[in-house]
Amino acid sequence: MKIGILAIQGSVEEHKVILEKLGIENVLVKKAKDLDTIDGLILPGGESTTLIHILKTMDIFEYLKEKIKKGLPVLSTCAGLIILAKQIENYPNQNSLDVLNITLSRNAYGRQRESFITYLPIPILGDEPYEAVFIRAPKIIKTGEGVKIHATFQDSPVFVEEGNILGLTFHPELTNDLRIHKYFLSKMR
Ligand code: GLN
């Protein structure tokens, strides 16, 4: 099994470190053809407008969308989640890959200094609460049919799953807890 990490911008290295800890072969995805060599893809956090802009200018956008629609397993976090969402409430004209049936609001918890850590119960990961790091995170305000909600914070979904896509509004690569990456990998085995 080989996992790609979209390596355009954002917290790429941190995901790589986790995959190496788990002994998983990985590759940094920088071009459309890199998508042909992988069994799953991580879309890291960063800045969603920059990610979309670079995906378009480097001609990866359409191919990535097609791959995800055809079932490529994806773990998306924060900005990586924003670029998948069907609707962005406060930036209705922002482009997205339009593959995940959610509506979200960007930067919904405020600025960088309003970033926070909280401990979330996530039943599918076991009894131990999960240390979740939120950095200028989006808030999921609506989920469509077929979207499972694995965790919520203050009544908003923060970990969702629809078909081949996992979406988190927080950063699992910034903690030592490997359970989310393991859950993602377990979907491919
Ligand atoms: N605020 C960023 C955005 O709107 C996301 C932040 C993150 O990925 N940590 O794209």
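For this chain, numbers begin at 1 and follow the sequence in order. First listed ligand is number 1; within each ligand, the first listed atom is number 1. Everything numeric here is computed off the predicted structure, so don't read it as measured data.
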message = Surrounding CZ of Phe116 (heavy atoms of other residues, nucleotides or ligands, distance under 6.0 Å), is the total greater than 12?
response = yes

inquiry  = If you count heavy atoms of other groups shown closer than 6.0 angstrom to CD of Gln87, is the number above 12?
reply    = no

N/O to N/O under 3.5 Å, ligand 1 against protein:
| unit_1 | atom_1 | unit_2 | atom_2 | d |
| --- | --- | --- | --- | --- |
| ligand 1 | 1 (N) | Asn107 | OD1 | 2.6 |
| ligand 1 | 1 (N) | Arg136 | O | 3.0 |
| ligand 1 | 4 (O) | Arg106 | NE | 2.7 |
| ligand 1 | 4 (O) | Arg106 | NH2 | 3.1 |
| ligand 1 | 8 (O) | Gly46 | N | 2.9 |
| ligand 1 | 8 (O) | Gly46 | O | 3.1 |
| ligand 1 | 8 (O) | Ala79 | N | 3.0 |
| ligand 1 | 9 (N) | Ile135 | O | 2.9 |
| ligand 1 | 9 (N) | His171 | NE2 | 2.8 |
| ligand 1 | 10 (O) | Ser48 | N | 2.7 |
| ligand 1 | 10 (O) | Ser48 | OG | 2.8 |

request  = Answer with yes or no whether the side chains of Tyr109 and Gln154 bring together a donor and an acceptor at under 3.5 Å.
outcome  = no

ask   = Can you list every pair that meets side chain to side chain donor-acceptor pair (under 3.5 Å) and has a residue in residues 138-149, with sequence neighbours left out?
value = none

task = Decide yes or no for Val29 and Leu64: does some side-chain heavy atom of the first lie under 4.5 Å from some side-chain heavy atom of the second?
result = no

key: Pair Ser11-Glu173, side-chain donor/acceptor within less than 3.5 Å   = yes

